[in-house]
Amino acid sequence: MTTLPLPARVRVTRPPLPLAPALARAAAHLLPDTDPAQVQAAALAIAGGSVIGAALDCGSGPQVAVAPGWRGKGIEEALAHALANESTLPV
């Protein structure tokens with residue numbers, strides 16, 4: 001799978017579940033139609049200490065969202081890839 005290189009300060013990670021309260025709030029802000037209590041798998045994109053993207057699987061299939069200023073930079077693909085794989089994406 002070929003993906004665009006991520007911006008230098010962006011990292012994609014698979015946090016442990018359940019999500020910590022601050023991460024759950026940030027993910028819920030990006031994906032308001034998901035229930036953080038139902039998350040079965042998560043991948044987050046972080047830049048400068050802020051969550052700028054989230055991929056969550058709540059059992060009905062994965063949903064991916066990225067903050068508007070970060071769209072189109074390969075983050076969506078990196079999140080989907082990280083969510084599909086069990087390990088943290090090395091970036």
Side-chain angles (χ1 to χ4, degrees):
M1 177 173 141
T2 304
T3 61
L4 297 171
L6 293 176
R9 63 184 190 187
V10 176
R11 299 290 177 256
V12 174
T13 187
R14 295 264 324 237
L17 297 177
L19 292 173
L23 296 178
R25 281 190 303 275
H29 178 72
L30 291 166
L31 292 164
D33 294 334
T34 60
D35 179 4
Q38 300 298 319
V39 174
Q40 297 173 358
L44 301 175
I46 300 172
S50 297
V51 176
I52 59 154
L56 303 177
D57 188 348
C58 296
S60 60
Q63 295 185 22
V64 179
V66 175
W70 292 95
R71 293 181 187 150
K73 298 181 183 195
I75 298 168
E76 296 92 337
E77 294 85 0
L79 285 166
H81 178 77
L83 191 63
N85 295 300
E86 290 298 317
S87 62
T88 302
L89 185 72
V91 291

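In what follows, residues are counted from 1 in the order of the sequence shown. Keep in mind that what you see is a predicted model, and the values were worked out from it rather than measured.
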N/O donor to acceptor pairs below 3.5 angstrom from side-chain atoms of residues 18-37, sequence neighbours left out:
{"unit_1": "T34", "atom_1": "OG1", "unit_2": "L31", "atom_2": "O", "d": "2.8"}
{"unit_1": "D35", "atom_1": "OD1", "unit_2": "A37", "atom_2": "N", "d": "3.1"}

**Item:** Any donor-acceptor pair under 3.5 Å from R11 side chain to A47 backbone
**Value:** no
**Message:** If you compare all heavy atoms of L17 against all heavy atoms of A42, which two are closest, and at what distance to 0.1 Å?
**Reply:** CD2-CB, 4.2 Å
Hey, can you pull the donor-acceptor pairs under 3.5 Å for the side chains in residues 50-60, sequence neighbours left out?
{"unit_1": "D57", "atom_1": "OD1", "unit_2": "G59", "atom_2": "N", "d": "2.9"}

**Message:** Would you say V10 ends up clustered with L79 if hydrophobic residues are merged whenever their side chains have heavy atoms under 4.5 Å apart, either directly or through other cluster members?
**Reply:** yes
**Message:** Tell me the closest heavy-atom pair linking A45 and I75, and the distance in Å.
**Reply:** CB-CG2, 3.7 Å
**Prompt:** Under 4.5 Å between side-chain heavy atoms, hopping through other hydrophobics if needed: is there a path connecting W70 to L6?
**Reply:** yes
**Item:** Gap between atom CG of L44 and atom CZ of R14 - 0.5 Å precision
**Value:** 10.0 Å
**Item:** Least distance between heavy atoms, R71 atom then V66 atom
**Value:** NE-O, 2.9 Å
**Request:** Work out which heavy atom in A82 is nearest to a heavy atom in A43; give both atom names and the distance.
**Result:** CB-CB, 3.9 Å
**Item:** Heavy-atom pair of closest approach, residues P62 and L83
**Value:** CB-CD2, 3.4 Å
